[in-house]
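First the structure, in the form of structure tokens, and then the observations on it.
A, B, ... follow the sequence lines: proteins, then strands. Residue 1 opens every chain.
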Number of protein chains: 4
Amino acid sequence: MIKVGVFGAGGRMGAEVCRAVMADEEVELVGAVDPTFSGQDLDSIAGISGSGLVVAGEPEALTKSGAEVAVDFTVAEAALANIEWCLSNAVHAVVGTTGITSAQLDALRAKQSKESKSNLLIAPNFAIGAVLMMEFARQAARFLPDAEIIELHHPGKKDAPSGTAIKTVEGISEVRKSKGISDESSEVLPGARGAEKDGVHIHSVRLPGLVAHQEVIFGGTGQTLSIRHDSTDRTSFMPGVLLAIKKIGSLDGVTIGLEHVLDLGL
Amino acid sequence: MIKVGVFGAGGRMGAEVCRAVMADEEVELVGAVDPTFSGQDLDSIAGISGSGLVVAGEPEALTKSGAEVAVDFTVAEAALANIEWCLSNAVHAVVGTTGITSAQLDALRAKQSKESKSNLLIAPNFAIGAVLMMEFARQAARFLPDAEIIELHHPGKKDAPSGTAIKTVEGISEVRKSKGISDESSEVLPGARGAEKDGVHIHSVRLPGLVAHQEVIFGGTGQTLSIRHDSTDRTSFMPGVLLAIKKIGSLDGVTIGLEHVLDLGL
Amino acid sequence: MIKVGVFGAGGRMGAEVCRAVMADEEVELVGAVDPTFSGQDLDSIAGISGSGLVVAGEPEALTKSGAEVAVDFTVAEAALANIEWCLSNAVHAVVGTTGITSAQLDALRAKQSKESKSNLLIAPNFAIGAVLMMEFARQAARFLPDAEIIELHHPGKKDAPSGTAIKTVEGISEVRKSKGISDESSEVLPGARGAEKDGVHIHSVRLPGLVAHQEVIFGGTGQTLSIRHDSTDRTSFMPGVLLAIKKIGSLDGVTIGLEHVLDLGL
Amino acid sequence: MIKVGVFGAGGRMGAEVCRAVMADEEVELVGAVDPTFSGQDLDSIAGISGSGLVVAGEPEALTKSGAEVAVDFTVAEAALANIEWCLSNAVHAVVGTTGITSAQLDALRAKQSKESKSNLLIAPNFAIGAVLMMEFARQAARFLPDAEIIELHHPGKKDAPSGTAIKTVEGISEVRKSKGISDESSEVLPGARGAEKDGVHIHSVRLPGLVAHQEVIFGGTGQTLSIRHDSTDRTSFMPGVLLAIKKIGSLDGVTIGLEHVLDLGL
């Protein structure tokens, strides 16, 4: 059993990771860290309990827990400190926290290659279905270059379009040979044709009742191909997190994106 | 049987109307007018034939055909002349031509009320499903004020958003009591949140393989309600045109919109 | 403020109702009943607290709470006893519990008309979007008689098709004049064309990741009209429950279905 | 330019192939065969014309046309004779005709390997989007074993489920390691859960207004992934047919399925 520590275990995502790790027979929860914790029983915090589980406010506590892999769903600043601690202490790090800059990432890469015995995996989206959606969109764009994206989220989402939509366009741009045909429309109302990136139009819908959804539509003569991912719950990330925990030991250094853990055969 | 004349019978829509009228047992095609016609057999033009059918280039030809109702799917300028001829000659007019201005419409209303014994029906969309979609959207907006519209069309469509989308928003605005909640998003790429009209966001997708489609999505706590119309063929307008032909005699003066012909009970 | 008591307050649905009632300024939670309760603080049970709130295991406790309306999301047997208590004690009852038989309903109607000063509303679905979907389907069927239903739920749902799907067909059957056209297909694999009720085919999809969804598709010449409801959370029922609480005083006797509380104007 | 002959050129599909071949600059239409033809000008039959084009009722006529590749969208019996003629005359054959049996296919394989200098490609679906849908479904099934298929067609379609749906299940079955979880539903109305093949449920919708559509839905914890292909016109097959014409010379012997011509990199 792989021994796992969880940073941010008091947050909604972190608590969910704790539950997922405890429910999987191939991995074991050995430590739970959160700045709001100070020796309480994790049971009273997040409904999680485990004999021998180390619960603490500081990363250092993971040392005595024997964690081989640590998972981080926190905020960028905390995540950076947690990742550095992992790399210095030969603990693999699986990170779903967003907002880490390219410069910070370069520094982490340098640190890992120079002094670390452990690996780092950072992924913007741990839902396996979302990763498949992005990969299929890449493949489809080689044959059907005309594509548009509709992404739909709850009204509390801060950015439009979503990071996943932008990453999807990057994949499409990389492979398609032409930008497809031009449409003849002119905007009667500004913004009607959405945002444009590399010739792909992106439309962001924000409504109550929505969670996180994206549809990529490809158009060809007399046909359309649509690839859609619907996420209705944060538990959708857990299979991807568990897979990353199990595979990170066999990765090499720093890896960005869950697609490198899935054996897509693409 | 109601005797029907068709303007623009040489065009794609007009020829389709001819075929639909001939296939319906309650109506009879008696005249086909098109500026490109000059005495040919309609059969060689559009695969339509009928004994006793008057085929001609000028509206006046409908006089001898005995037409009681005329259908016009042409272009705005021609349509105006055709409608005026109908009002002067006691022939009811069913019109699907777009681009007639409010001022022109006022003039037609004045002419009809002053001197005409026949009625006029103008509708932007004769697809019964599209009319139902717009009416259902009006109803839903009273209970679920948060709405967005996605309309999807072939790349040759000139305007974005579509006239149907704008008309849908007008219906929603008329009835809803509040504008719904505000989303917290800011546009990372301009246009991502689409066009906005009366607080309803509209997104226009243009791709090959699409024909004419619209989806209205309403969001509420933990739920969404979506109403979608897909038109895959111009034959979708024919049941609405036939219904209008049969009902126009019992309308009163000038009517705008097929919803007044459907007995929606709404 | 309308004083509200909640039966089954210890269950997931009941606890959600308690939270919804407490968050609404026009209603007040005065009593919470659940057989598993025995004088504890409701706070420790469901994260709900309120000064002066009566928490108890027996319906009788609602008497001293002064509840004017009681809400029941329990199981059929318990619900029957709770409803009878309400009718005997002049407390209006809003009921979302399913499985009450026609015979039991007749007995409740008789009891209400003979001896009660309070009203009863029973509804199979309190999601406003689902009620609108069913009503729109009724309307659409008058113009587009060809319809099929796809309902999609989580794998734990016991019945296929869902009660909402069956109720939708009943609405369609009531109004449509013809059964639409017959398809020419024969089943290569048995069951492919789904279940059939009154000439409407129903298809039940059961997959993890789904919650509760239904799409009604109407087909006409060259067009389809689709009405879809997606429920992603049990909070979707709360606006309907609150509306029912506020309106039940002005209803008359026994009412079945939330559509009678919504002023649909249909 | 590759010289192309078309069998069944008088049929709707064959005429479409003629038009597509004439519109592509890398291929040339040199022969059009149809039992209903006897020396007429193809122009009067299908609006197609070409100087030097051989139009005839018998396959033999393709000899003098110099055709290098022949395309067959006819019926099984005619197709077999046409394919045999091609194999005997060193003409590559691209075949979209359905209904050829396994035994007949074995005989064609034997004939090709023994005596032919030309290749044979048979594909049940030439729409590139449909082929991508099937391939993506195969890939997705490795990670998300729970899948159901909804296929939607016009009411004139003879078989339910469609051949494409069955082929999709075969692809899914080949790769998935488990059959996914079992749902707990029991059918209140028989057929509700659809047809079942290798543990995948298939639902066939038949309505006017539909053309040819298929959606494959994969369910995982808290998420679904949907892959949908919509075909609105028989022109959707043409890009696949043209690609097959251009690539068949570099294939080896007998090939089944357009996926072998697309360089999917899967």
Side-chain angles (χ1 to χ4, degrees), chain A residues 144-163 165-166 169 180-198 200-211 213 215-226 230 232-233, chain B residues 144-163 165-166 169 180-198 200-211 213 215-226 230 232-233:
Chain A
L144 297 166
D146 295 284
E148 300 208 9
I149 296 175
I150 302 167
E151 54 93 344
L152 313 94
H153 285 85
H154 58 91
K157 184 168 178 61
K158 302 284 187 245
D159 48 336
S162 68
I166 289 172
V169 174
I181 63 174
S182 294
D183 68 275
E184 297 170 23
S185 67
S186 59
E187 290 188 345
V188 177
L189 293 175
R193 290 287 286 116
E196 193 183 328
K197 183 176 162 63
D198 297 347
V200 177
H201 291 256
I202 312 176
H203 311 270
S204 300
V205 177
R206 298 290 176 269
L207 283 173
L210 294 171
V211 185
H213 319 259
E215 184 161 356
V216 192
I217 311 177
F218 292 91
T221 310
Q223 66 183 313
T224 55
L225 175 68
S226 306
D230 293 274
T232 52
D233 196 295
Chain B
L144 297 166
D146 295 285
E148 300 207 9
I149 297 175
I150 302 168
E151 53 92 344
L152 313 94
H153 284 85
H154 57 91
K157 186 169 176 60
K158 302 285 187 246
D159 49 335
S162 69
I166 289 172
V169 174
I181 62 173
S182 294
D183 68 276
E184 298 171 23
S185 67
S186 58
E187 290 188 344
V188 178
L189 292 175
R193 289 287 286 117
E196 192 183 328
K197 182 177 163 61
D198 296 347
V200 177
H201 291 256
I202 312 175
H203 310 271
S204 300
V205 176
R206 297 291 175 268
L207 282 173
L210 294 171
V211 185
H213 318 259
E215 185 161 356
V216 191
I217 311 177
F218 292 92
T221 311
Q223 67 184 312
T224 56
L225 175 68
S226 306
D230 293 273
T232 53
D233 196 296

Identify which of A:G191, A:P155, A:P208, A:A195 forms the greatest number of heavy-atom pairs closer than 4.5 Å to chain B. A:P208
So which of B:S182, B:G194, B:G180 has the largest heavy-atom pair count under 4.5 angstrom toward chain A? B:G194
Applying side chain to side chain contact (heavy atoms under 4.5 Å, CB included), name anything that partners B:S185, two or more places apart in sequence or on another chain. A:A160, A:R206, B:D183, B:R193
Need one label for B:H203: side chain, backbone, both or neither, based on atoms under 4.5 Å from any heavy atom in chain A. both
Give, as side chain, backbone, both or neither, the part of B:E148 having an atom under 4.5 angstrom from any heavy atom of chain A. both
Most contact-rich option vs chain A, by heavy-atom pairs under 4.5 angstrom, among B:V188, B:D146, B:V205, is B:V205
When only pairs under 4.5 Å are counted, which of A:A192, A:P190, A:G219, A:G220 shares the most heavy-atom pairs with chain B? A:A192
Between A:E184 and B:K158 (salt bridge meaning N to carboxylate O under 4.0 Å), is one present in this structure? yes
Segment of B:I181 engaging chain A (4.5 angstrom heavy-atom cut-off): side chain
I'd like to check the side chain to side chain donor-acceptor pair (under 3.5 Å) partners of A:D230; sequence neighbours left out, ordered by chain and number. A:H213, A:R228
Which one, B:I166, B:V211, B:T224, B:T221, leads in non-hydrogen pairs under 4.5 Å with chain A? B:T224
With a 4.5 Å heavy-atom cut-off, do A:L189 and B:P161 have their side chains touching? yes
Could you tell me the separation between the CD1 atom of A:I217 and the CG atom of B:L210, rounded to the nearest 0.5 Å? 6.5 Å
CD1 of B:I202 to CD of A:E187: how many Å apart, nearest 0.5 Å? 11.5 Å
Quick one: of A:G222, A:A165, A:S186, who has the most non-hydrogen atom pairs under 4.5 Å with chain B? A:S186
Atom group of A:L144 that falls short of 4.5 Å from chain B, counting heavy atoms: neither
So what's closer than 4.5 Å to chain A heavy atoms on B:I150: side chain, backbone, both or neither? side chain
Quick check on B:A147 against chain A: is it the side chain, the backbone, both or neither that has a heavy atom closer than 4.5 Å? backbone
